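Presented below is the structure to which this report refers.
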Amino acid sequence: MRISTSTFFDSAAARLGDLQSGLATAQQQISTGRRMLTPADDPVAAARVLEVTQSQSLNTQFTSNRSNARDSLSMEENTLQSVTGLLQDVKTLVVNAGNGVVDDTQRKYLATELTSRFNELLNYANAKDSVGNYMFAGFQVGSQPFVETATGASYLGDQGQRLLQVAPARQMALNDAGDTVFEANKTGNGTFVTAAVAGNTGAGIVSTGSVVNTALLTGDNYSVTFNVAGGVTTYDVTDTTTSTTVSSGNAYTSGQSISFDGLQFDVSGVPANGDQFTVAPSGSQSIFTTLKNLIGVLNSPGTGSTANANLTNGLNTANNNVDNALDNILQTRASIGARLKELDSLDNAGADRDQQYSQTLSTLQDLDYTKAISQLTQQQTILTASQQTFVKITGLSLFNYIGG
Amino acid sequence: MAANILSVGESALAAAQVGLLTTGHNIANANTPGYSRQVVIQGSAGAQDSGFGFVGKGTSVVTVQRVYSDYLASQVTNAQTSQNELNTYYTNIQQINNLFADATSGLSPTLQNFFSSLQGAASDPASSAARQTLLSSSQTMVSQFQSMDSQLREIRDGVNSEINGSITTINGYATQIAQLNDAIEKAQGGDSSKPANDLLDQRDNIVSELSKEIKVNVVKQNDSYNVFIGNGQPLVVANNSFKLVATTSPTDLSRIEVGYQGNNGTVTLAESGLTGGKLGGLFDFRANSLEPAQNALGRVAIALGTTFNAQHELGQDQNGNLGGAFFNVATPVVNASTANTGSGVMSAAISDVNALTTSDYQVQFDGSNYTVTRLSDGAVSTSATLPLTVDGVDFDIASGSVNAGDMFLVRPTANGAANISVAITDPKKVALAAPIRSAATGTNAGSATISAGSIDSTYTAATITPAVTLTYSALTGEFTGFPATLPVTVTDTAGNVSVYPAGSPVAYSSGATINFGGVNVIVSGTPHDGDTFTVGPNTGGTGDNRNALLLGALQAANTMDGSTSNFQSAYAQLINVVGNKTRELQVTSSAQSKLLDDATQAQQSESGVNLDEEAANLIRYQQAYQAAGKVMQTADKLFDVLLSLGVQ
């Protein structure tokens, strides 16, 4: 078969060109460390790399969010820890005040101490986090949530919970609203609250009471009125919501339980004629109101059995309410603790995920150096051989032998 | 007798001389493109009847002929056309491929950064630094969209200028072929026994070069080549050549197409008819890779802008106002054909980004029906009246009237990436909060809670002005207190929907979504008789990030392609398509190159000059020349013998 001279040179040059471009590509792969230089090298992997990169970026963002969440929750936990200590001190103070040895003057000292504790608590409730936002204000983080009033404090924030996306399908609350933490404390025993009416002239002391049969509870308000006639003390129980009499003429023994409609409590001491004690469903009381009430109780002077009974009743109520407030705070702290723990486990999962994504990316786009370098060497060898044979073969021509 | 020997010798010498000249010509033209080697055809000069038999009179040169095979040459031309078409497409699509090559500098990192900064703003919505970072990274992302789009536009401009160049080249070749037709006819004078070899070679070479630009059909007519292109338009007929001109598309002034200047004026040639060669490759590239790539990029921008805006408008900014548009989103490009006779102006608006495709649409009116054709696959929708919605785009006539035969080109996503911009410069105007908030009144005896609430697009501030207080009655199990003029829709946890007319009380179902006036809230738990819940404006809620969370969720939400892709995966799809096509072209163009190589080799082995062969011919004709010279010398000696007769 004939081969024309130009074919010979053209095809040899084309082959050399191909080999050189293959060598250049291999060299570029090695210097960038990437198997794919353009999407055309592996279109499916190119698209997959983009998707995995987005997932990894989301994962990193969640890690950063979790760190922010941890900061917020830790600050809240610190503040509530101080609040817990404060409330425990208040409880000690209440017990001290109930000590029979303490007199009016000393109670006034306790009231003063309590006032400064009140201010301290207000300060904690108005605490700011590391960027200057009020922690317990709900959404209104720019304005102070609690403002002191004559009867306690009023809450100017809202019930908003600030959420943050800490995992693909998990939004975590960064805060707890001030009213839930400080104001939603149940009065009484959580179901009903007993109280001595303010104008009582006797010395009856009413206990907190408990529920004996939830099925019989009505949720109504009751009034227990004492009648003292001829040295015999009896009491009547009236349902003031329905204006019906539940029972009347019950004989009274100090400390014996009074029970009706599924609930029971007791009165001890010596009530006077006409003394009333009320039972109402539990409501919510702000800790600030509790403290103000307690300060009021400690500041009211009095000697005598009635004054002492009032003091005891007041201290009992305060003690009860402070307990409930403390429970509420501890419950919130437990919730914060649970969230922090969840953040830890999400962090572990997130770190694992990140490693997995990195590995996938590496498999998709990183160069296998061993293979690449051996291919490069092979291509070098082929190119060198081609170049040398080209020169040799083109040197063969009949014209070398003609003439002379 | 002696005289005859001399003339025989002379004829041999002359023949050898022609042979040497022709061999020398071949050697000189060994590297001339398109040259076919020439051989001398010698014939006997006949014989003379000398009584006892025929005595030969020597040799004569019949003709000098080129070694040329029509079949092999046409093989090469065909392979050339296909190869150049694929090569042009491949070279051009590599430009797009390289645009997407570096993953660290493409669109994807800026998209990720944008959503990261959104999460940063969600962590601390009151911080103006976080808001400013969000605005800056949105600006960076938008710039990246614009920059990629402008690079695609540059490629488009490059295609236009290459088409221009190709047309000029084709016209030049056509003129040359016509001139050569003329010259060959004059030179050969209708007698094909004396071929004008070099002129013929030249003409064949030009036809071959022309086939690199466009597919041609050559029909021989006597000594002329008639060249036809496309669907049978004559480019060269005998001595006349016709011109191609660059025209602009009637529906897109930035698009160059090919027009044919015939005897009746300029006619635009359909691209589907102009296949093969560089021109065919350019058209194929532009229609099937470049414009879809630009549309796909635009689609991502439009989907991102539209869905983000929709959610942003449901939020509240730091000034207490409902959020406005965050991005300025591009509108579809609508072009009326310059051939339209009616005054109709077509409008197109995108109503559903989820249904958007990457195709362009053609709207035609035939007098009674409007036909919307999706140009990527030819799918047709017909309607007697407009508005008509196809693939998420609403087509309508904005003004004027449309006549039969009028045509419009609608490109919904073409400008998507070029015209996207950030509409907000003031960090306070970023709407990260929700406009409403709710509360369970502190004195409530029950344990029911109310969700923070969200709004939908029917919401107006009037719904919660004044704030709505819902009161629960244990007796009836119902809520009262809804705004007097708004009906209430309740969807319970099982999915059952109940609608209450305005002003009537609403039965309570724990966990059910309550919707009124664009506001959605959920009350769950056990309320006590008389418990109240308020829904009111979110004044002062600077720490609220509810809308920021909803905006952040858009990153991974499947909002495109019939709810199967998110923004990143739609972009990844684009890269996949480009990469695949480039890969495919790499393989097919190198396969076609191999075919071209084989065809060329076959043709060259027939017509190409081999220097060694010519060297052998040199020696042959030289020896023939020497032998012929010897014959003449012998004739001379014989004449001397004659002359010496009669001398004493």
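Letters A, B, ... are given to chains in the order of the sequence lines, protein chains preceding strands, and every chain is numbered from 1. These numbers were taken from a predicted model, which means no experiment stands behind them.
Within a 6.0 Å sphere centred on CZ of A:R35, other residues, nucleotides and ligands contribute more than 12 heavy atoms. The number of heavy atoms from other shown groups lying within 6.0 Å of CG (B:N31) does not exceed 12.
Counting heavy-atom pairs closer than 4.5 Å to chain A, the top residue among B:G543, B:A126, B:A101 is B:G543. Most heavy-atom pairs under 4.5 Å with chain A: of the set B:L549, B:I93, B:N444, B:N538, this distinction falls to B:L549. Per-residue heavy-atom pair counts under 4.5 Å with chain B were compared for A:L163, A:I3, A:N68, A:N133, and the maximum is reached by A:L163. No other option in B:N545, B:N566, B:L618, B:V578 has as many heavy-atom pairs under 4.5 Å with chain A as B:N545. Between chain A and the options B:Q601, B:Q568, B:E614, B:E584, the largest number of non-hydrogen pairs under 4.5 Å is found for B:Q568. Counting heavy-atom pairs closer than 4.5 Å to chain B, the top residue among A:D42, A:L50, A:T180, A:N175 is A:L50. With chain A as the partner, the residue from B:R546, B:Q573, B:Q586 showing the most heavy-atom pairs under 4.5 Å is B:R546. Interface summary for chain A: among B:S569, B:G552, B:A440, the most heavy-atom pairs under 4.5 angstrom belong to B:A440.
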Is there a side chain to side chain contact (heavy atoms under 4.5 Å, CB included) between A:D176 and A:Q161 once you walk through the steps? CA-CA 6 Å; A:D176 297 283; A:Q161 278 208 308; 4.1 Å; yes
Side chain to side chain contact (heavy atoms under 4.5 Å, CB included) evaluation trace for A:T290 with A:N185: CA-CA 10 Å; A:T290 310; A:N185 308 314; 5.6 Å; no
Between B:T441 and B:T532, does the side chain to side chain donor-acceptor pair (under 3.5 Å) criterion hold? Intermediate values first, please. CA-CA 6 Å; B:T441 313; B:T532 54; 2.5 Å; yes
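Neither the backbone nor the side chain of B:S590 has a heavy atom closer than 4.5 Å to any heavy atom of chain A. In this structure, chain A has heavy atoms under 4.5 Å from both the backbone and the side chain of B:N97. Looking at B:I27, the atoms closer than 4.5 Å to chain A (heavy atoms on both sides) all sit in the side chain, from C-beta outward. B:A439 touches chain A through backbone and side chain together, each having a heavy atom under 4.5 Å away. Contact of A:D18 with chain B is not made at all, since no heavy-atom distance falls under 4.5 Å. For chain A, no part of B:N113 is nearby; none of its heavy atoms comes within less than 4.5 Å. Neither the backbone nor the side chain of B:D529 comes within less than 4.5 Å of any heavy atom in chain A. Proximity to chain A (any heavy atom under 4.5 Å) is shown, for B:S593, by neither the backbone nor the side chain. Heavy atoms closer than 4.5 Å to chain B are found nowhere in A:Q285, neither backbone nor side chain. In this structure, no portion of B:A433 lies under 4.5 Å from any heavy atom of chain A. Of the atoms belonging to A:R34, it is side-chain heavy atoms, and not backbone ones, that fall under 4.5 Å from chain B. Contact annotation for B:L99: neither backbone nor side-chain heavy atoms come within less than 4.5 Å of a heavy atom of chain A. The parts of B:D612 that come within reach of chain A are both its backbone and its side chain, each placing non-hydrogen atoms under 4.5 angstrom from that chain. For chain B, no part of A:S143 is nearby; none of its heavy atoms comes within less than 4.5 Å. Only the side chain of B:I619 comes within less than 4.5 Å of a heavy atom of chain A; its backbone N, CA, C and O stay farther away. Using a 4.5 Å cut-off between heavy atoms, B:E613 touches chain A through its side chain atoms alone. When heavy atoms are compared at a cutoff of 4.5 Å, B:S116 approaches chain A by way of both its backbone and its side chain. Contacts of B:V609 with chain A are made by backbone atoms alone, with heavy-atom separations under 4.5 Å and no side-chain atom involved.
For A:R339 and A:S335, the side-chain atoms include at least one donor-acceptor pair closer than 3.5 Å. A donor-acceptor pair shorter than 3.5 Å can be found between the side chains of B:N617 and B:R620. A donor-acceptor pair shorter than 3.5 Å cannot be found between the side chains of A:N328 and A:N324.
Between B:F100 and B:Y571, the angle of the ring planes goes over 60°, which puts this pair in the perpendicular group of the 30/60° scheme. Between A:F136 and A:F182, the ring planes are perpendicular. Angles over 60° get that label, and only those under 30° would be called parallel.
The shortest non-hydrogen separation linking A:S282 to A:G190 is OG-C, 3.1 Å. When every heavy atom of A:M172 is checked against every heavy atom of A:V166, the shortest pair comes out as CB-CG2, 4.0 Å.
The residues A:R66 and A:D71 are annotated as not salt-bridged, no charged nitrogen and carboxylate oxygen being separated by less than 4.0 angstrom.
The distance from atom CG of B:L551 to atom CZ of B:F114, rounded to the nearest 0.5 Å, is 7.5 Å.
Of the residues A:T63, A:N65, A:N59, the one that meets the side chain to side chain donor-acceptor pair (under 3.5 Å) test with A:Q61 is A:N65.
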